[in-house]
Amino acid sequence: MTFRRAEKGAGRLLSVLLACLVPLALMAEPPRAGLMWNRTGLPAVFPLQVRTPAGADYYLTLSDAETGAAALAAYIVGGKFFKVLVPPGRYVLRFASGARWQGEERLFGPGAQTRRFELPYPLEFAIRGAGIKGGHVVTLLREPPGGGLQAAVKAQYICQIASLEAPELLPGRAQPLRQFHLGGDARSRGILHLQWRLQLGGPQAGTPLEQWQRSLFLLGNPLLPPRASGLDGRGGQRPPARFRSYSVRSLFCG
């Protein structure tokens, strides 16, 4: 009789242990934050930044708005800075969130363990002008108390600016030159550059705004009247020079 009771007790204990071990077996090591896969075959060059509340991780998928085909997936650690480059196209963004990652099939677990959210309209990632790559910033906010998610979306741009390298002076005729220097900071110049590229209009010549824009940047801006390059020829004729090459920089400009 005592043996049977011990056997039943051992059976119950084994059942409890199995019940505890099964969820642990289903849990998977969460992937590193960032891009998981890109199935479009296209280069990922357009910016997507996602801001999320802490307390859960997020699985993001982008699907083609026309065909529904899966395009891209990424893993986001809640509350941490996240940015990824995505291929060109028009996509539906879907989010799944939860506490314990269990793989792409189970996500964060069945039922209420996985919370799902979809943006109400597709987002387009495309060229917006000469050298301007248009993307988006998505901010997810949790509705209190313990409610679902809501999203705010704004545009984000990457501008590409080409600049010439310093001139190479011909040997034997080198003379000191006064260099042309940029004013302001990179963000101010980037915003101004974006306004010009999007053809938002320019200031009237001679106004304080026009003089301020001149102090920031650009040679060859089509919205401003031409002016001298800023090189000073005092002290004799400027020596001949040739530019070696040019470089292209990318910066966030909006």
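The first residue in the sequence is number 1, and the count goes up from there. Owing to the predicted nature of the structure, the values given are computational and were not obtained by experimental measurement.
- Remark: the backbone N or O of F108 is paired with a side-chain donor or acceptor of T114 at under 3.5 angstrom.
- Counting only heavy atoms from C-beta outward, the side chains of V50 and V84 never approach each other to under 4.5 Å.
- Smallest separation of non-hydrogen atoms from L140 and P53: O-CD, 3.2 Å.
- A pairwise comparison of heavy atoms in A70 and W37 identifies CB-CH2, 3.8 Å as the closest pair.
- Distance CG/L149 to CZ/R116: 13.0 Å, rounded to 0.5 Å.
- Remark: side-chain polar atoms of T139 are not paired, donor with acceptor, to backbone N or O of R51 under 3.5 angstrom.
- Looking at heavy atoms from C-beta onward, V92 lies out of side-chain contact with L62 at the 4.5 angstrom threshold.
- Across every non-hydrogen atom of L119 and V153, the tightest pair is CD1-CG2, 4.4 Å.
- Taking all atoms of both residues into account, the shortest heavy-atom contact from S63 to G68 is CB-O, 4.0 Å.
- Side-chain contact between Q49 and K83 is present, with heavy atoms from C-beta onward closer than 4.5 Å.
- Here the shortest heavy-atom pairing between P43 and P88 reads O-CD, 3.5 Å.
- For the atom pair CZ (F46) and CD (Q156), the distance works out to 13.0 Å, reported to the nearest 0.5 Å.
- The side-chain heavy atoms of L85 and L48, taken from C-beta on, include no pair separated by under 4.5 Å.
- Relative orientation of the F117 and F95 rings is tilted, given thresholds of 30° and 60° on the angle between their planes.
- A salt bridge links R94 to E118: one of the charged nitrogens lies within less than 4.0 Å of a carboxylate oxygen.
- Counting heavy atoms from C-beta on, the side chains of Q113 and R100 never come closer than 4.5 Å.
- Rounding to the nearest 0.5 Å gives a distance of 13.0 Å between NZ of K80 and OH of Y58.
- N38 places a side-chain heavy atom less than 4.5 Å from the side chain of P87.
- One finds the CG atom of D64 at 9.5 Å from the OG1 atom of T40 (value rounded to the nearest 0.5 Å).
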Verify side chain to side chain contact (heavy atoms under 4.5 Å, CB included) between R142 and R115, making sure each step is shown before the conclusion. CA-CA 12 Å; R142 192 168 298 282; R115 295 186 176 184; 2.9 Å; yes
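- In this structure, Y91 and F125 have tilted ring planes: the angle between them lies in the 30° to 60° band.
- In this structure, CD1 on I76 lies 6.0 Å from OG1 on T52, to the nearest 0.5 angstrom.
- Side-chain atoms of L35 and L72, non-hydrogen and from C-beta on, do get closer than 4.5 Å to each other.
- Checking each of Y59, W101, F82 against Y75 for a ring-ring contact (aromatic ring centres under 6.0 Å, His included) leaves exactly one that passes, namely W101.
- Residues I132 and I127 fail the side-chain proximity criterion, which asks for heavy atoms closer than 4.5 Å.
- Across all their heavy atoms, H136 and E124 have their closest contact at NE2-O, 2.7 Å.
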